[in-house]
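Some notes on the structure that comes next.
Keep in mind the model is a prediction, meaning the values are calculated, not measured.
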Amino acid sequence: MTVATENRVVRRNGPGTKRADWNNWPPLSFEEMDSALNIQQFIQQTIKANPADVDAILTPPLEQDEGVWKYEHLRQFCIELNGLALLLQRECVPETCQQMTATEQWIFLCAGHKNPNECPAIDYTRHTLDGAATMLNSNKYFPSRVNIKEISIAKLGSVARRVYRIFSHAFFHHRKLFDEFENETHLCRRFTTYVSKYNLMQQEHLIVPILVNQQTQQPAQ
């Protein structure tokens, strides 16, 4: 066995990998990432380094295509939101959360039905994440993760608006679970910063006061 073979880093989680060792390999510079999924790899590596450093996570490499950057981040948000959905299953049940709501002012219709309709919040959460995954993996709209057409980029806003409702329901109706998840991942703060940075949502729809300027301006509920 040569020295080069002994020192080669295998960047793959093998069967039986322990949680503590998951993705536990040295970081690479973006220039060293030669995979077709290098943007996803770069984003996930930056998150792993420090999930609280939202600015670093949302700062693209030099000369990175903005459309691909926005697309890959939204994919990553949907992946991580499954963790919040799993937590919500502890207490967000149809008997207590018969509708997808956020405060008493917002009731959301679920697009996962033939016609948009009300459904229990946990079902709305599952349908929304499933729908987002279907859209973001659609060969019709996103046949490539290297070059994305502007008409497909326009679809990101509608996905962002729907998945944000999972945050808002959790914050206003399952605050303890929301805080538990947010303190570890900082995902809602990152998502809010992301959609604000790229104008994917109107500011009045960002009802979870997760940023400093929101906390000072948000009216009492």
side-chain hydrogen bond (donor to acceptor under 3.5 Å, both in side chains) pairs touching residues 134-147, sequence neighbours excluded, are Glu72-Arg145, Arg75-Asn137
May I ask you to test the Cys92-Thr125 pair for a side-chain heavy-atom distance under 4.5 Å? no
Whether Arg126 and Asp123 form a salt bridge (side-chain N of Lys/Arg under 4.0 Å from carboxylate O of Asp/Glu) is what I want to check. yes
Do Val208 and Thr192 have side-chain heavy atoms sitting under 4.5 Å apart? no
Spell out, yes or no, whether Ile43 and Val159 are grouped together once hydrophobic residues are joined by side-chain heavy atoms under 4.5 Å, including indirect joins. yes
Contact summary for Thr185 and Arg190, nearest pair of heavy atoms: O-NH2, 3.9 Å
Residues in side-chain contact (heavy atoms from CB on, under 4.5 Å) contact with Ala52, at least two apart in sequence or another chain: Asn50, His186, Arg189
Measuring from atom CZ of Phe171 to atom CG of Leu177, what distance do you get when rounded to the nearest 0.5 angstrom? 13.5 Å
Taking His169 for the side chain and Ala102 for the main chain, is one N or O donor matched with an acceptor at less than 3.5 Å? no
In Å and rounded to the nearest 0.5 Å, what is the CD1 to CD distance from Ile39 to Gln64? 3.5 Å
In Å, rounded to the nearest 0.5 Å, how long is the span from CG of Leu81 to CZ of Phe191? 7.5 Å
I'd like to check Ile207 versus Phe172 (side-chain heavy atoms, cut-off strictly below 4.5 Å). Are they in contact? yes
Working to the nearest 0.5 Å, report the span between CD1 of Ile107 and OH of Tyr124. 12.0 Å
For the residue pair Cys188 and Ile210, what are the closest heavy atoms and their distance? O-CG2, 4.0 Å
Decide yes or no for Glu91 and Thr96: does some side-chain heavy atom of the first lie under 4.5 Å from some side-chain heavy atom of the second? no
Within the 3.5 Å criterion, strictly below it, is a donor on Gln76 or Gln40 matched to an acceptor on the partner's side chain? no
Considering residues at least two apart in sequence or located in another chain, which fulfil the salt bridge (charged side-chain N to carboxylate O under 4.0 Å, His left out) criterion with Lys70? Glu66
Residues which pass side-chain contact (heavy atoms from CB on, under 4.5 Å) with His205, listed by chain and number, not counting sequence neighbours: Trp106, Met201, Gln202
Taking the side chain as every heavy atom from C-beta outward, state whether Leu84 and Leu187 have any pair of such atoms under 4.5 Å apart. no
A side-chain contact here means heavy atoms from C-beta on lying under 4.5 Å apart; do His174 and Arg90 qualify? no
If you measure from CG on Leu200 to CZ on Arg161, what distance do you get to the nearest 0.5 Å? 9.0 Å
Heavy atoms of Ala132 and Val163 approach each other most closely as CB-CG1, 4.1 Å
pair Asp179-Lys176: side-chain heavy atoms closer than 4.5 Å: no
State, to 0.1 Å, how close Val68 and Ile148 come at their nearest heavy-atom pair, and which atoms those are. CA-CD1, 4.0 Å
Heavy-atom side-chain contact between Val93 and Ile122 under 4.5 Å: no
Hey, which of Pro116, Pro120, Cys119 is the one that makes side chain to side chain contact (heavy atoms under 4.5 Å, CB included) with Cys110? Cys119
With sequence neighbours excluded, tell me which residues meet side chain to side chain donor-acceptor pair (under 3.5 Å) with Arg162. none
Connected via hydrophobic side-chain network under 4.5 Å: Phe181 and Ile79: no
Which class fits the ring pair Tyr194 and Phe77: parallel under 30°, tilted 30 to 60°, perpendicular over 60°? tilted
All pairs passing ring pair (Phe, Tyr, Trp, His ring centres under 6.0 Å) where residues 46-72 contributes a residue, at least two apart: Trp69-His73, Tyr71-Phe142
Neighbour count above 12 (heavy atom, 6.0 Å) for Glu63 CD: no
What pair of heavy atoms forms the shortest contact from Leu129 to Cys78, and how long is it? CD2-O, 4.1 Å
Nearest heavy-atom neighbours spanning Gly67 and Ile153: O-CD1, 3.4 Å
Euclidean distance, Leu211 CG relative to Thr193 OG1, rounded to 0.5 Å: 4.5 Å
